[in-house]
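Chain identifiers are assigned alphabetically (A, B, ...) following the order of the sequence lines, protein sequences preceding nucleic acid strands; residue numbering begins at 1 within each chain.
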Amino acid sequence: MSRFWKPGAEKPRLLEDEEGGVLFFSASPLSSSSSGYGRTNIEMLRQRLPVYKYRTAILYLVETHATTIIVGETGSGKTTQIPQFLKEAGWADEGRVIACTQPRRLAVQSVASRVAEEMDVKLGEEVGYTIRFEDITNNDLTRIKFLTDGVLLREMMDDPLLSKYSVIMVDEAHERSLSTDILLGLLKKVPILLDNALNTIVYLTLCLTMLSTQIQRRRPDLRLIISSATIEARSMADFFVSRTRRSQGPEKEENIPVTEPAILSVEGRGFNVEIFYVEEPVSDYLQKAVSTVLSIHDQEPGGDILVFLTGQDDIDAAVQLLTEESQHGRQKGLMVLPLYSGLSRADQELVFSPTPRGKRKVVISTNIAETSLTLEGIVYVVDSGFSKQRFYNPISDIENLVIVPISKASARQRAGRAGRIRPGKCYRLYTEEYFLKEMSAVGIPEIQRSNLVSAVIQLKALGIDNVLGFDWPASPSSEAMIRALEVLYSLGVLDDDAKLTSPEGFQVAEIPLDPMISKMILASNQLGCSEEVITIAAFLSIQSIWYTAKGAEKELDETKLRFAAAEGDHVTFLNVYKGFLQSNKSSKWCHNNFINYHAMKKALEVREQLRRTAQRLGIALKSCDDDMQVVRKAVTAGFFANACRLEAYSHNGMYKTVRTSQEVYIHPSSVLFRVNPKWVVYNSLVSTDRQYMRNVISIDPSWLREAAPHFYQYQQPNPLAR
DNA sequence: GAGCACTGC
């Protein structure tokens with residue numbers, strides 16, 4: 001009766017929910033220690049993974065259910081094994097493809113090459129991957145494809161039914177990235193009882209179930225697998241009770257999968273981690289983190305320590321305190337290393353080097369070690385209980401970085417980092433009572449903390465007209481939504497009916513950048529400076545190209561002057577780009593000029609992708625040579641909403657924004673700092689004790705009305721007449 | 001005269 005499930009002998013043992021809708025599989029180990037004769041080492045290793053003993057159950061559930069949720073800790077092998085199980089069972093026959101999404105590029109690459117190795121095939125043939133800038137797949141050959149969720153979202157723009165896939169596995173679903181939430185909202189088309197606050201994964205499941213239900217009329221073979229590290233039992237149960245009451249019972253027709261999701265729990269391979277809490281709340285977590293590390297070093301047997309703090313300043317301070325203690329105090333044998341994304345590649349790699357004999361490694365890290373990087377050899381974790389998060393204020397239109405308490409889910413993830421090689425210990429710098437009673441279960445999803453301009457334009461491009469009524473997994477504020485619509489309207493991307501304009505709106509949606517940058521590129525077409533503006537767009541879309549040279553700030557500033565342009569930072573980028581090309585893209589040249597070589601390489605990659613996109617959109621690639629006026633006009637066409645005027649009698653360089661009359665200042669890292677031209681537009685604001693404009697270019701105010709007559713006519717009557 | 005959690009197309 002089943003087409004794909006090929007059970008060798010026994011049917012998996014399943015426990016049915018009382019009301020018959022949901023299947024829970026009880027983890028009864030099947031024989032996994034069968035003889036390894038005749039098998040390769042790789043196959044034996046595969047069989048030792050915890051997920052292997054669920055193979056039959058997983059295939060059975062996927063065969064009979066539109067959606068299967070797999071809850072499992074890291075180390076269970078689900079990411080590498082499940083796609084292979086599916087392929088072995090025939091889900092990739094007849095030219096169909098099994099897809100598996102990941103939130104991060106690095107994970108996509110490493111998982112894909114691991115699976116290719118296990119299957120003994122060449123990466124890019126039977127097993128391939130797609131991330132931005134890299135499509136290592138072959139249309140005729142690739143049967144298992146790994147990709148970032150952002151890439152899947154882009155693919156949906158061309159193929160909303162995702163018709164080439166037989167199974168889509170969404171991995172790491174608990175992370176709730178912006179892309180995941182957009183994807184989920186898109187998939188949820190049928191209004192359904194979602195009145196009570198639901199667990200994320202249940203919601204996610206529901207959305208994907210509905211997607212498959214919709215598509216199943218045409219393609220009854222599409223299956224969805226959601227894999228997540230966390231699930232909350234109570235809201236899950238509540239949800240399914242209300243679902244089963246209303247449903248008519250599972251469908252019994254052959255080959256039609258039941259729509260209620262199946263849930264399977266797979267144990268991980270991590271070791272136990274013992275948790276310790278402080279008895280009294282601590283007032284200074286930095287100091288407490290340092291003293292906790294010292295007492296671990298003093299009292300506990302060997303094993304490396306990972307400390308979670310919030311940001312670069314805290315981390316550098318902690319590193320210094322511990323290093324001093326290690327060199328001058330009684331604490332010998334500590335090797336203290338910082339870890340955050342702003343470090344150079346070489347410094348980041350230090351934390352992966354083996355710990356020297358007789359030493360104990362202490363890594364002081366931001367959240368980067370919570371999910372993005374995995375350190376081996378960690379036995380002790382010290383968790384400050386805080387992290388930095390981005391918050392967007394739609395009223396002021398400013399994004400801020402704020403130190404906030406972490407969620408229980410994060411706390412568990414951090415603790416788990418201690419149990420990878422043997423049983424570990426986690427020291428939480430907060431009380432148990434706080435953890436139990438006050439800490440929220442999960443963090444605030446990214447969609448509720450972000451500027452929505454990009455999200456809204458993606459929805460519009462996918463034909464969702466009513467974005468205000470759009471049903472998100474977690475709704476963003478209406479202020480944020482309205483702000484995004486206003487910005488897109490002022491850019492000429494949306495018309496009076498809030499529909500994408502043609503061709504401009506569709507073109508902006510096609511370019512994978514912030515819409516203001518995309519608009520700037522479109523404007524460069526008429527102005528004849530697309531080559532220069534595309535270069536600027538690439539530089540604006542990566543993090544700083546300058547090295548943060550601690551202790552050498554003065555040298556950095558002096559070096560920058562070699563490239564500084566009177567027009568501003570955007571033109572300065574063009575000078576850096578020229579210099580880099582003249583050096584034959586030399587890493588040494590970068591080093592001598594305080595420029596981050598890897599950032600430069602990335603900028604060049606983005607630039608190449610943008611040139612291809614521009615050509616596809618019919619933008620002529622043209623250089624304006626040395627005419628920087630047209631370049632500045634193009635920047636103004638995208639960023640007119642960020643126009644600022646120097647206050648007439650300001651002695652300290654105070655500007656006011658044209659739109660809201662907010663006080664802003666040019667950031668000291670800008671080449672226009674202390675130059676203070678009368679009119680400028682900025683790329684972004686950073687908010688500390690003051691609002692600082694980053695990446696600033698001087699403009700002529702008459703260009704503003706030229707670029708956005710509507711904006712300056714209606715939003716701010718006569719702003720230029722002062 | 002000063003500061004940047006982390007992803008992604």
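Rounded to an integer number of Å, the gap from CG of A:Asp313 to C1' of B:dG3 is 7 Å. In this structure, the CG atom of A:Asp383 is 15 Å from the C1' atom of B:dA5, given to the nearest Å. Put simply, CG on A:Leu672 is 17 Å from P on B:dG1, counting in whole angstrom units. Between A:Glu155 atom CD and B:dC9 atom P the separation is 12 Å, expressed in whole Å. Atom OH of A:Tyr392 and atom P of B:dC6 are 22 Å apart (whole Å). What separates CD1 of A:Ile457 from P of B:dC9 is a distance of 18 Å, to the nearest Å. Atom CD1 in A:Ile447 sits roughly 21 Å away from atom P in B:dC6 (whole-Å rounding). Separating the CD atom of A:Glu446 from the P atom of B:dG8 is a distance of 11 Å, rounded to the nearest angstrom.
Remark: A:Tyr392 pairs with no residue by the ring-ring contact (aromatic ring centres under 6.0 Å, His included) rule, at least two apart or across chains. The ring-ring contact (aromatic ring centres under 6.0 Å, His included) check on A:Phe435 picks up A:Tyr277, with sequence neighbours excluded.
DNA chain B is contacted by both A:Asn367 and A:Leu513; A:Asn367 maps to the nucleotide lying nearer its 5′ end (nearest heavy atom per residue). Map A:Ile368 and A:Pro512 each onto its nearest nucleotide of DNA chain B; the residue landing nearer the 5' end is A:Ile368.
Counting non-hydrogen atoms under 4.0 angstrom, A:Asn400 reaches nothing in the nucleic acid. Using a 4.0 Å heavy-atom criterion, one finds that A:Leu401 contacts the bases of the nucleic acid, with or without backbone contacts as well. Nucleic acid contact for A:Ser177: none, since no nucleic acid atom lies under 4.0 Å from a heavy atom of the residue. Counting non-hydrogen atoms under 4.0 angstrom, A:Gln543 reaches a base of the nucleic acid. Contact annotation for A:Tyr692: backbone-only contact, meaning every heavy-atom pair under 4.0 Å involves sugar-phosphate atoms and none involves a base. Contacts of A:Ile131 with the nucleic acid, taken as non-hydrogen atoms under 4.0 Å apart, involve only primed sugar atoms and P, OP1 or OP2. A:Arg104 comes within 4.0 angstrom of the backbone, heavy atoms only, and of no base.
For B:dA5, neither phosphate oxygen OP1 nor OP2 lies less than 4.0 angstrom from any side-chain nitrogen or oxygen of A:Ser387. Proximity of A:Arg105 to the phosphate of B:dC9: a side-chain N or O atom is located under 4.0 Å from OP1 or OP2. A sub-4.0 Å separation between OP1 or OP2 of B:dC9 and a side-chain N or O of A:Ser179 is absent. In this structure, A:Thr366 reaches the B:dC6 phosphate: one of its side-chain N or O atoms is under 4.0 Å from OP1 or OP2.
A distance-only check finds a donor-acceptor pair linking the side chain of A:Arg417 to the backbone of A:Ala369 [under 3.5 Å].
Going from atom CD1 of A:Ile406 over to atom CZ of A:Arg428 covers 7.5 Å, rounded to the nearest 0.5 Å.
Contact of A:Asp314 with B:dA5 (side chain to base): no donor-acceptor pair of N or O atoms is detected under 3.5 Å.
Note on A:Asp171 versus A:Lys78: salt bridge recorded, some NZ/NE/NH1/NH2 to OD/OE distance being below 4.0 Å.
Considering only side-chain atoms of A:Val151, the nucleotide from B:dC6, B:dC9, B:dA5 that sits closest is B:dC9.
In this model, no donor atom of one side chain and acceptor atom of the other lie less than 3.5 Å apart for A:Tyr129 and A:Gln102.
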